[in-house]
Amino acid sequence: MLLLISPDSVDEALDCAKAAEHLDIVDVKKPDEGSLGANFPWVIREIREAIPADKPVSATVGDVPYKPGTVAQAALGAVVSGATYIKVGLYGCTTPEQAVDVMRGVVRAVKDYRPDALVVASGYADAHRIGCVNPLALPDIARRSGSDAAMLDTAVKDGTRLFDHVPPEVCAEFVRRAHEAGLLAALAGSVKAGDLAELTRIGTDIVGVRGAVCEGGDRDAGRIRPELVAAFRAEMDRHAREHAAAVSAAS
């Protein structure tokens, strides 16, 4: 399971760089513009320059409307700025067909520029609160559009969490469908260390966090701390070892 950390500034990215050995992906977003709010191209470039070259940068292009051309241009801007994971929050897509339309444009724009970049179709565990596509539709949307990964986050940051809206067994079905389609499965949404046992058990490929590695657990007022990143990774590794041992014992 890969650990994706989301700093909201270049300064926080420098703190991520101090904990680079404990994380796998640095994710650039702008939380005050939404769950998957897009940051400025120059911020993506500066963060790319601030972290070790062997750590990929992910960038969100926003909680996007159903405007395929606009979103494709935004996605191209993110990859040109140095991101190699391009995440699109399908906020304004009310049907799978709209979501596929948006993501096909993104895939073409990104892959024409950088074929090895990964495109992530992102939906929301609390989709029922904002009227967008059902979480379990995301793997098929990603498959049909040629994306590389399907992701769930939470749209409304009000203290509720991923598992409050999509219970572990439904997340397991999301992961299963993603894997059947040959996709990576990413899960986020106020994930805490206490969720790692379930996330490991269901085979999550990427777990995304922010608040869990911020001072006081506060994604808005707190700041990412290297020691909290290291502690979270240690918990991830512990659960991975325990799960592997349990699978081995069962076989």
Side-chain angles (χ1 to χ4, degrees), residues 1-64 71-90 103 106-122 142 147-153 183-189 191 204-214 219 223-226 228-230 232-233 236:
M1 190 157 64
L2 302 179
L3 176 58
L4 177 149
I5 304 287
S6 300
D8 67 357
S9 66
V10 177
D11 283 346
E12 276 199 340
L14 291 171
D15 284 333
C16 288
K18 295 174 185 174
E21 66 184 292
H22 304 295
L23 58 86
D24 300 292
I25 305 166
V26 175
D27 181 52
V28 185
K29 61 173 62 173
K30 198 167 183 287
D32 63 357
E33 291 194 15
S35 169
L36 294 169
N39 215 318
F40 299 106
W42 51 89
V43 173
I44 298 173
R45 284 198 301 269
E46 289 176 29
I47 288 177
R48 173 65 280 172
E49 293 166 2
I51 64 169
D54 64 335
K55 299 296 177 181
V57 166
S58 162
T60 56
V61 300
D63 296 311
V64 306
V71 180
Q73 283 202 34
L76 178 59
V79 72
V80 167
S81 301
T84 48
Y85 285 73
I86 310 300
K87 292 164 51 185
V88 182
L90 295 166
M103 292 309 305
V106 169
V107 169
R108 179 170 178 177
V110 168
K111 302 282 188 178
D112 279 355
Y113 180 81
R114 183 166 180 170
D116 64 336
L118 282 81
V119 176
V120 184
S122 299
S147 300
D148 302 287
M151 181 174 189
L152 288 182
D153 203 329
L183 305 165
L184 296 171
L187 294 171
V191 167
T204 310
D205 298 302
I206 302 171
V207 58
V209 301
R210 174 171 171 78
V213 295
C214 285
R219 73 186 300 275
R223 181 185 173 110
I224 291 174
R225 302 304 306 167
L228 296 178
V229 175
F232 193 88
R233 186 49 181 254
M236 283 180 64

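In this text the structure is predicted, and so the values were computed from the model without any measurement.
With sequence neighbours left out, Asp148 forms a salt bridge (charged side-chain N to carboxylate O under 4.0 Å, His left out) with Lys111. Under the ring pair (Phe, Tyr, Trp, His ring centres under 6.0 Å) criterion, Tyr113 pairs with no residue at all, not counting sequence neighbours.
Here the closest non-hydrogen pair linking Ala121 and Ser147 is CB-OG, 4.3 Å. Closest non-hydrogen pair, Thr204 versus Ala185, comes out as CG2-O, 3.8 Å. The minimum heavy-atom distance linking Leu23 with Val229 is given by the pair CD2-CG1, 4.2 Å. Heavy atoms only, all atoms of each residue included: Val106 and Ala75 are closest at CG1-CB, 3.7 Å. Contact detail for Ala13 and Pro7: the closest heavy-atom pair is N-CB, 3.7 Å. Ile44 and Ser81 make their closest contact through CG2-O, 3.6 Å (heavy atoms, listed as atom of the first residue, atom of the second, distance).
Atom CD1 of residue Ile224 and atom SG of residue Cys16 lie 4.0 Å apart, to the nearest 0.5 angstrom. In this structure, the separation between NZ on Lys55 and CZ on Arg48 is 10.5 Å, given to the nearest 0.5 Å. Residue Leu36 holds its CG atom at 6.0 Å from OG1 of Thr60, rounded to the nearest 0.5 Å. Interatomic distance, Ile25 CD1 to Thr84 OG1, rounded to the nearest 0.5 Å: 8.0 Å.
Partner of Val207 under the side chain to side chain contact (heavy atoms under 4.5 Å, CB included) criterion, out of Leu3, Ile5, Leu187: Leu3 alone.
Considering only heavy atoms from C-beta on, Met151 stays 4.5 Å or farther from Ile206 through its side chain.
Looking at Asp8 and Arg219, no side-chain N of the basic residue comes within less than 4.0 Å of a carboxylate O on the acidic one, giving no salt bridge.
Within a 6.0 Å radius of CZ in Arg114, more than 12 heavy atoms belonging to other residues, nucleotides or ligands are found.
Arg223 places a side-chain N or O within 3.5 Å of a backbone atom of Asp11 that can act as its donor or acceptor partner.
Sorted by first and then second residue, the pairs that involve residues 22-41 and meet side-chain hydrogen bond (donor to acceptor under 3.5 Å, both in side chains), not counting sequence neighbours, are Ser6-Asp27, Asp24-Arg233, Asp27-Ser58, Asp27-Lys87, Lys30-Asp32, Lys30-Glu33.
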